[in-house]
Structure formats: structure tokens, C-alpha cells
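Below is one structure, written out as C-alpha cells; the observations come after it.
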Amino acid sequence: MALQSLPSSRMAPLAILLGLLMAACFTFCLSHQNPKEFALTNPEKSSTKETERKETKAEEELDTEVLEVFYPTHEWQALRPGQAVPAGSHVRLNLQTGEREAKLQSEDKFRNNLKGKRLDINTNTYTSQDLKSALAKFKEGAEMESSKEDKARQAEVKRLFRPIEELKKDFDELNVVIETDMQIMVRLINKFNSSSSSLEEKIAALFDLEYYVHQMDNAQDLLSFGGLQVVINGLNSTEPLVKEYAAFVLGAAFSSNPKVQVEAIEGGALQKLLVILATEQPLTAKKKVLFALCSLLRHFPYAQRQFLKLGGLQVLRSLVQEKGTEVLAVRVVTLLYDLVTEKMFAEEEAELTQETSPEKLQQYRQVHLLPGLREQGWCEITAHLLALPEHDAREKVLQTLGVLLATCRDHYRQDPQLSRTLASLQVEYQALASLELQDGEDEGYFRELLGSVNSLLKELR
């Protein structure tokens with residue numbers, strides 16, 4: 001009533017004052033509310049920071065609290081949070097359940113690794129520090145096992161093998177000396193050249209020496225200390241066996257060894273070999289001597305020229321005409337074929353390389369072999385050798401007839417026996433080639449022989 005009785009001029013200030021008081025009270029109330037609900041912050045960042053604080057706190061608590069040990073088996077088992085997984089276990093994430101699972105990798109592997117290395121604890125749980133300590137001990141144990149294995153392996157090696165010092169000592173006690181090839185060859189030459197050596201000892205020395213001189217370096221070493229000349233002089237021996245085995249050694253040393261071949265020519269080996277072939281000697285000795293002669297002449301045009309000068313073709317002609325020397329005849333024919341084809345290949349090589357006067361070709365051009373073969377009657381000799389019964393011998397004779405065709409064509413055409421022999425061989429090899437075709441061999445051995453016979457018959461018509 002009192003307020004109503006106040007004049008309007010007094011009411012306006014009171015209303016303003018009352019409004020200010022109410023605003024102040026409202027502001028005071030707002031200021032005492034929960035700041036988390038009204039603070040101007042990012043709710044997502046606040047949630048992330050809160051989660052990190054919780055995880056950090058959980059990890060700190062995990063380091064201090066006791067961890068439960070997970071005992072793996074051969075079946076997959078789910079891992080619970082905080083469980084410690086032993087080393088060597090197979091762990092995977094199950095994509096269907098989202099859980100981690102673990103199991104043993106192989107039979108008893110885990111238990112064998114931990115055997116003898118378990119922590120001395122009375123509970124079934126241990127802390128993370130204990131896990132680190134156990135892992136360190138596990139590594140130390142593995143190193144110890146590796147060291148034990150190495151020691152066992154070394155002991156086994158020592159048991160099976162003896163040190164080289166002990167072996168040398170034993171060899172010295174037994175008077176056994178380890179020799180080089182050079183030393184062995186020197187010893188063998190000395191034994192062969194010694195007047196006190198028996199025939200058997202000399203033959204044994206030559207037999208062993210032949211094994212070593214097959215190697216090119218050893219053969220050259222043989223002449224370096226004069227051993228080659230000693231063996232060449234052995235061809236003058238009155239003992240057929242010494243001649244035979246000396247020629248055997250020389251044939252092995254001459255083979256594809258130009259340096260030794262040159263020394264042999266200078267040492268008079270060619271003359272000595274021809275003398276043995278020209279005189280009466282056992283067939284076995286002549287086989288070895290012919291072998292040495294072939295090794296000396298092949299791929300050596302200078303020796304071939306000396307061979308012709310010394311009447312080598314006459315010596316070989318007499319050799320193949322002797323009774324019971326058919327085996328030697330085939331070898332002689334093979335040698336002649338090789339010598340003729342060597343010169344032909346040298347001519348072809350010069351044409352391919354377009355060299356007008358290579359040294360090798362000039363040396364072969366000084367070897368007049370084909371005229372010598374015609375003059376010494378080798379056209380008739382080779383034709384008659386075609387009557388040999390062995391197919392291998394016929395093959396070599398047919399090859400030689402082919403390379404001599406240009407030189408001996410007139411002789412071949414005038415030889416009725418050759419024509420009959422070729423016709424007979426044609427019939428024989430046609431039958432054998434047909435059998436090969438029946439067996440499914442389109443390019444058989446007898447078909448090749450038949451081709452050689454047909455080619456000769458065609459050339460001689």
C-alpha cells in the first residue's frame with residue numbers, strides 16, 4: 001500500500017535498482033555452477049587426454065603388480081590382458097573374435113628350452129622384472145649350450161683326425177717322404193739308368209714313368225733334367241721289353257706336346273724307332289714303337305718331312321706286308337689317313353683365314369706325302385687291305401681310299417680285285433643297313449659304311 005501511495009517519480013529509480021539486484025544474484029548463481037559443464041573446451045580432446053591418463057596409470061600399475069604366466073599348449077588359447085607369454089610361443093590375432101591367441105610352436109620345444117632354467121620362485125606368477133631376468137638367463141644358457149656343442153665338435157674332430165705334426169713325425173719314423181712329380185720322375189729315371197737295377201726294376205720304372213709323362217708339364221720336366229734322352233737311348237737296348245716300354249713312355253710324352261717332339265727329333269728318336277720297325281722284333285714291341293712313331297709325326301710337319309727322307313714309307317710298307325701284322329696294318333693306314341688330312345685341313349684353314357703364306361702351311365707344303373705314297377705302291381696296298389674281315393678295319397681303309405682317290409684313281413680303276421671287293425661289300429652292307437632300318441636306326445653304322453662304298457663305286461665308274 002505504501003508503494004502504491006508513492007508518486008510515479010519515485011517508482012522509476014526503485015525499479016532500476018531492483019533490476020540490478022536481480023541481475024547480480026543471477027550472475028552469482030551462474031558463477032558457482034560445475035565448470036566442466038560450462039567451460040569452453042573441446043570435448044573430443046578432453047576425452048583423449050583422459051584416456052591417455054588412464055592407460056598411463058594402468059601401465060604404471062602393471063609394472064608393479066604381479067603378472068599371470070600363460071602356459072601355452074599345442075592348441076590355440078585366448079590370452080587375457082596382462083598375461084605374460086613365454087619366449088618361443090606362437091602368437092596370433094584372431095580376426096573373427098578380435099582376441100590374441102597363443103600356442104607352442106613345436107613338440108616340447110618350449111619346455112625343453114626352459115628345462116633347467118626356471119626361476120627359483122614358489123608362486124606361479126612373476127613380475128616384468130623377473131621376465132627380463134629370466135630372458136637374460138635363457139640367452140646365457142643358449143650361449144653355454146652352443147659353447148658345449150663347439151667343444152664336443154672339436155673333440156670329435158680330434159678323435160677322427162690327427163694333427164699334421166704327428167703325421168709328419170710318423171712319416172719320418174717310417175722313412176716315408178712325400179715327393180713331387182718331378183722328384184718321382186728323377187727317381188724313376190735314376191732307377192732305370194742304374195746298372196745295378198734288374199730288368200724287372202727297369203721295366204717297373206718305365207711303367208710308372210709312363211703314367212706321369214701323360215701330363216704335358218711333366219713331359220716337359222722330363223726333358224729339362226735329361227730324362228727324355230735317357231729313355232730315347234733305351235731304344236738301343238738289347239732287351240725287347242726295354243725297347244717296348246721305352247717306346248711306350250716316349251709315345252705318351254710325344255702326344256700333342258710340340259716342345260718334347262722337337263727335342264725328340266734332335267735326340268735321334270725318329271731314326272731309332274724306324275730301325276726297330278725295320279728289324280725283327282716281337283709284335284708287342286712293334287705295337288708300342290708304332291704308337292710312339294704316330295705320336296711323334298702327328299701335327300709335326302718337320303718330323304713328317306724327316307720321316308720321308310729316312311725312308312719311313314718303305315719301312316711301313318714292309319711292316320704291313322709281313323704275315324700276322326694285320327693289326328699293325330690298320331694302324332699304319334690310320335696314320336697315313338691322318339697325315340693326308342692334316343695337310344688338307346691346313347690348306348682349308350689358310351683359305352678361310354685368307355693368309356697367303358702362313359708358316360704352318362709352308363711347312364706342310366714341304367711334306368710331299370701323296371707323291372711318295374703313289375711311288376711306294378700304297379695305292380695297291382690300301383686297296384688290298386679292304387679285304388680285312390673286321391668292320392672297323394674296313395671303315396679306316398675306306399676312309400684312306402677316299403683321301404687317296406685323287407692320287408690313285410687310275411690304279412683303282414685298273415684293279416679288278418678292288419672292284420669285286422667293293423661290289424661284295426655293297427651287298428653285305430645293304431643287308432646290314434636294312435636290318436638297322438628295321439630296328440629304327442635311320443643313320444646307323446652300316447648305313448654310313450654303305451655310303452662310303454657307294455661313293456667309291458660312283459667315282460670309279
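Quantities reported herein were computed from a predicted structural model and do not represent experimental measurements.
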- [ ] May I ask you to decide whether Glu201 forms a salt bridge with Lys191, counting only side-chain N to carboxylate O separations under 4.0 Å?
- [x] no
TODO: Ignoring hydrogens and angles, tell me if any N or O in the side chain of Ser434 forms a donor-acceptor pair with the backbone of Gln430 under 3.5 Å.
DONE: yes
Task: For Cys294, the option from Leu296, Leu297, Leu290 that meets side chain to side chain contact (heavy atoms under 4.5 Å, CB included) - done: Leu290
Open item on the list: Is any side-chain heavy atom of Phe192 closer than 4.5 Å to one of Leu209?
Closed with: no
Open item on the list: Check whether Trp378 forms a cation-pi arrangement with Arg317 (NZ or CZ under 6.0 Å from the six-membered ring centre, at most 45° off the ring normal).
Closed with: no
Open item on the list: Can you confirm whether more than 12 heavy atoms, excluding those of Glu166, are under 6.0 Å from its CD atom?
Closed with: yes
Task: Exercise: do Gln77 and Tyr71 side chains pair donor with acceptor under 3.5 Å - done: no
Task: From CA spacing to verdict: side chain to side chain donor-acceptor pair (under 3.5 Å), Gln261, Asn257 - done: CA-CA 6 Å; Gln261 288 174 325; Asn257 202 330; over 6 Å; no
Task: Within-4.5 Å side-chain heavy-atom neighbours: Arg80 and Gln83 - done: yes
- [ ] For residues His299 and Pro258, determine if any side-chain heavy atom of one lies less than 4.5 Å from a side-chain heavy atom of the other.
- [x] no
Open item on the list: Taking Gln321's backbone N and O only, do any of them form a donor-acceptor pair with Thr325's side chain (distance below 3.5 Å, no angle check)?
Closed with: no
Open item on the list: Tell me the closest heavy-atom pair linking Glu326 and Leu388, and the distance in Å.
Closed with: CG-CD2, 3.9 Å
Task: Passing candidate, side-chain hydrogen bond (donor to acceptor under 3.5 Å, both in side chains) with Tyr445, options Glu436, His391, Glu395 - done: Glu395
- [ ] Please tell me if the side chains of Gln363 and Arg305 come closer than 4.5 Å, counting only heavy atoms from C-beta onward.
- [x] no
Task: Sidechain N-carboxylate O distance under 4.0 Å for Arg159, Glu156 - done: yes
TODO: Considering only NZ, NE, NH1 and NH2 on the basic side and carboxylate oxygens on the acidic side, decide whether Lys286 and Glu244 come within less than 4.0 Å.
DONE: no
TODO: Using only heavy-atom distances, determine whether the side chains of Asn94 and Glu101 contain a donor-acceptor pair under 3.5 Å.
DONE: yes
Open item on the list: Checking Tyr429 against Arg394: is there a side-chain donor and acceptor pair closer than 3.5 Å?
Closed with: yes
TODO: Compare all side-chain heavy atoms of Glu179 with those of Arg187 and state whether any distance is below 4.5 angstrom.
DONE: yes
Open item on the list: How long is the straight-line distance from CG of Leu335 back to NZ of Lys396, given to the nearest 0.5 Å?
Closed with: 13.0 Å
TODO: Give a yes or no on whether Glu280 atom CD has more than 12 heavy-atom contacts from other residues, nucleotides or ligands under 6.0 Å away.
DONE: no
Open item on the list: Under a 3.5 Å cutoff, is there a donor and acceptor pairing between the side chains of Asp410 and Gln414?
Closed with: no
Open item on the list: Take a 6.0 Å sphere around CZ of Phe225 and say whether it holds more than 12 heavy atoms from other residues, nucleotides or ligands.
Closed with: yes
Open item on the list: Determine whether a donor-acceptor pair (N or O, by modelled atom type, separation under 3.5 Å) exists between the side chain of Ser237 and the backbone of Gly234.
Closed with: no
TODO: Return the minimal non-hydrogen interatomic distance between Tyr412 and Leu460, and the atom names on each side.
DONE: CB-CD2, 3.6 Å
Task: Ring-face cation contact, Tyr364 with Lys343, 6.0 Å cut, 45° max - done: no
- [ ] Kindly indicate whether the side chain of Tyr245, heavy atoms from C-beta on, has any atom under 4.5 Å from the side chain of Lys202.
- [x] no
- [ ] For the residue pair Phe300 and Tyr302, categorise the inter-ring angle as parallel (less than 30°), tilted (30 to 60°) or perpendicular (more than 60°).
- [x] tilted
Task: Non-hydrogen side-chain atoms of Leu328 and Leu277 separated by less than 4.5 Å - done: no
Task: All pairs passing disulfide bond (SG atoms under 2.5 Å apart) where residues 397-461 contributes a residue, at least two apart - done: Cys379-Cys408
Task: Separation of Leu398 CG from Leu385 CG (nearest 0.5 Å) - done: 11.0 Å
Open item on the list: Enumerate the side chain to side chain donor-acceptor pair (under 3.5 Å) contacts for residues 263-278, please, sequence neighbours excluded, ordered by first and then second residue.
Closed with: none
Open item on the list: Under a plain distance cut-off of 3.5 Å, with no hydrogens placed, do Glu210 and His214 share a side-chain donor-acceptor pair?
Closed with: yes
